Amino acid sequence: MISPTKPLRLLRGICCALVLAGTPLLAPAQTAPALALAGFPSLAPMVARVTPAVVGISTARAREQDNPLSGGPGPREEDEARARPAPRAPAGAVTPAVRPSGSGVVIDAREGWVLTNHHVIQGASRVVVVLKDRRELEARVIGSDAGVDIALLRIPAQNLTQIAVGDSDRLQVGDFVVAVGNPFGIGQTVTSGIVSALSRGISPEGYEDYVQTDAAINPGNSGGALLNLSGELIGINTAILGSRGAGGGQAGNIGIGFAVPSRMALAVVEQLKRHGEVRRGRIGLQSADLTPALAQQRGLAISEGALVEAVDPHSPAALAGVRPGDVVTRINARPVRSMSDLRNQVALIAVGDSLELGLLRGGQSLSARLAVAPVSSAARVAGGGPAAGSADPAPGPAQSGEGLLAGVPLHESREGLHVGHLEPASAAHAAGLREGDIILAVDRQPVNGVSQLRQRLQGGGDHVISLLRGESKFRITVRA
């Protein structure tokens, strides 16, 4: 173990070596490029170029506890509600004060587009972007997606600096990266580290393909930039793993941080620009990870992919000829490594857009072209509900189900009971149901109609509702 005095001895040794080499300890102030030319490696030139494009985000909220900086962070700080443009305050109302809540990145200086996390601005009645030069600009929320945890803001395009967006698909474990943000609201901070892992998922909710890094990320860094050494944006810092601080306060960095890769963030941005939301659909597959053991059992020469377990009748996948037992190996030109990878990639393709599945059937390579269908397309045929909007992540812990089905439009089809439009203030929304969900079962017993669903929810105690949301199955627990 190193004693407290040894670092001091080491420092003295380094200083002596520098003096003997003719390097002055106290030299006149030099610019970062001059230091680099003198043989000192430095990130300062790159940092000086890109940090004006990284901004602070301040928000006004109805409740202080909604502020991500007011309590310790968990693996992910978000709820199921999409953030919407800030409502106008009624005449005579006191404008709520804004407080630092996170960070953001200017990705288009001419148009004033700012990228941040959904959880940074969720529930905000007012959003203010704070530039490095201390200007404060009112921001408009263009759209927000809880599934990927990305939000798009717009500010007046006045003397802004934008950041170049890099290709996160080119990242490798061990690459050096730099994180820039506004931790704990103290002001812009730059940290560095490496890419620790790729394609991380830390919860069953949302659509996660995180870049993991040991660059210091803390509360308030959310929405900030993860950069490569060229100064290109390769991720949006989003989440950390860490324990609570003393007394249950804010957690600090322990070297495990996560960023949404730039590829996923840009795919979400394109839909937010077009629709103000992400319009996810489905292709009608239920899959599992292809493990090496399964591949060996089936005599396959590959060891990763998504093994098709079931194909929904009349779905795009069924009409394209996909069969149970097929292995999905790619979507368009991108490889598919697992069930979650398949789900993530489909989630980034807009309803109505086409895709090509690469399949392995036995030892034969095949392809199938199909179009992504709306989640609630069958509901419209059966009973006429509106098209599905964005798919939110899986609901959280058990919530009260009293009056759960009051006013909820349900449409029967061969797949199950399709949930129509829900008001955000409804009990069904609070319990975790979302427009476009398909109710499959209650307490593991299939439901064949609305009356049967109501009957099974009448008994006392907790009930588990099984749902199909997009390509994934979820369960929510409600109290009758």
Side-chain angles (χ1 to χ4, degrees), residues 80-84 118 142-152 205-209 263-287 306 311-322 328 330-334 336 339-357 368-394 409 411 413-422 433-439 467-474:
E80 290 79 31
R82 281 202 313 271
R84 291 178 171 79
H118 161 83
I142 301 301
S144 185
D145 179 62
V148 178
D149 202 358
I150 288 294
L152 182 64
E205 297 126 10
Y207 302 91
E208 299 178 353
D209 193 27
R263 173 187 59 84
M264 289 187 74
L266 286 185
V268 171
V269 164
E270 289 307 309
Q271 290 211 47
L272 295 180
K273 286 181 180 178
R274 281 192 286 168
H275 311 298
E277 63 180 2
V278 176
R279 297 181 176 177
R280 293 193 175 90
R282 57 190 301 269
I283 59 175
L285 289 182
Q286 297 175 38
S287 64
V311 180
D312 297 339
H314 311 294
S315 66
L319 296 176
V322 182
V328 181
R330 65 175 172 84
I331 292 182
N332 297 327
R334 289 185 56 80
V336 170
M339 170 185 64
S340 61
D341 193 16
L342 171 64
R343 176 175 175 262
N344 288 339
Q345 292 195 45
V346 172
L348 297 177
I349 300 175
V351 170
D353 288 354
S354 62
L355 59 86
E356 184 179 76
L357 292 179
R369 180 160 290 278
L370 51 91
V372 177
V375 171
S376 59
S377 57
R380 292 202 305 273
V381 173
S390 64
D392 292 332
H411 312 288
S413 76
R414 284 175 291 188
E415 292 178 296
L417 296 177
H418 293 255
V419 178
H421 176 69
L422 292 177
L433 287 175
R434 295 293 179 266
E435 177 184 338
D437 283 352
I438 302 173
I439 299 175
L467 306 170
L468 180 65
R469 181 174 298 167
E471 302 300 314
S472 301
K473 291 183 178 180
F474 296 108

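Not measured: the values here are computed from a predicted model.
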Shortest non-hydrogen contact between [X] and [Y], atoms and distance:
X    : Y    : value
L342 : S287 : CD2-OG, 3.7 Å
A371 : G352 : CB-O, 4.2 Å
V148 : D145 : N-OD2, 2.9 Å

Residues forming a side-chain contact (heavy atoms from CB on, under 4.5 Å) with [X], sequence neighbours excluded:
X    : answer
E270 : K273
R263 : S168, D169, D209, R334, L348
A347 : Y207, R280
A318 : V311, S315

Open item on the list: One pair to check against side chain to side chain contact (heavy atoms under 4.5 Å, CB included): L319 and L370. What are the steps and the verdict?
Closed with: CA-CA 8 Å; L319 296 176; L370 51 91; over 6 Å; no

Open item on the list: side chain to side chain contact (heavy atoms under 4.5 Å, CB included) for V419 and L467? Distances and angles first, verdict last.
Closed with: CA-CA 10 Å; V419 178; L467 306 170; 5.8 Å; no

Open item on the list: Before you tell me yes or no, could you show the steps for L285 and V346 under side chain to side chain contact (heavy atoms under 4.5 Å, CB included), namely the whole-Å CA-CA distance, both residues' side-chain angles and the distance that decides it to 0.1 Å?
Closed with: CA-CA 11 Å; L285 289 182; V346 172; over 6 Å; no

Task: Residues which pass salt bridge (charged side-chain N to carboxylate O under 4.0 Å, His left out) with R274, listed by chain and number, not counting sequence neighbours - done: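 Scan of R274 (salt bridge (charged side-chain N to carboxylate O under 4.0 Å, His left out), adjacent residues dropped) gives none.
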
Open item on the list: Between N344 (side chain only) and E208 (backbone N and O only), is there a donor and an acceptor less than 3.5 Å apart?
Closed with: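 Here the side-chain-to-backbone pair exists.
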
TODO: Answer whether the closest heavy-atom distance between the side chains of V322 and I283 falls below 4.5 Å.
DONE: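 In short, these two side chains do not touch, never coming nearer than 4.5 Å.
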
Open item on the list: Any non-hydrogen side-chain atom of I438 less than 4.5 Å from a side-chain atom of L417?
Closed with: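 The answer is no; the side chains never approach within 4.5 Å.
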
Open item on the list: Checking D341 now: which residues fulfil side chain to side chain donor-acceptor pair (under 3.5 Å) with it, not counting sequence neighbours?
Closed with: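 Partners of D341 under the side chain to side chain donor-acceptor pair (under 3.5 Å) test: Q345.
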
Open item on the list: I need the L355 CG to R369 CZ distance, nearest 0.5 Å.
Closed with: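 If I round to the nearest 0.5 Å, the distance is 7.5 Å.
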
Open item on the list: For Q271, run the side chain to side chain contact (heavy atoms under 4.5 Å, CB included) check against V351, V278, I349, L152 and tell me which one passes.
Closed with: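 Checked V351, V278, I349, L152 against Q271; only one passes side chain to side chain contact (heavy atoms under 4.5 Å, CB included): V278.
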
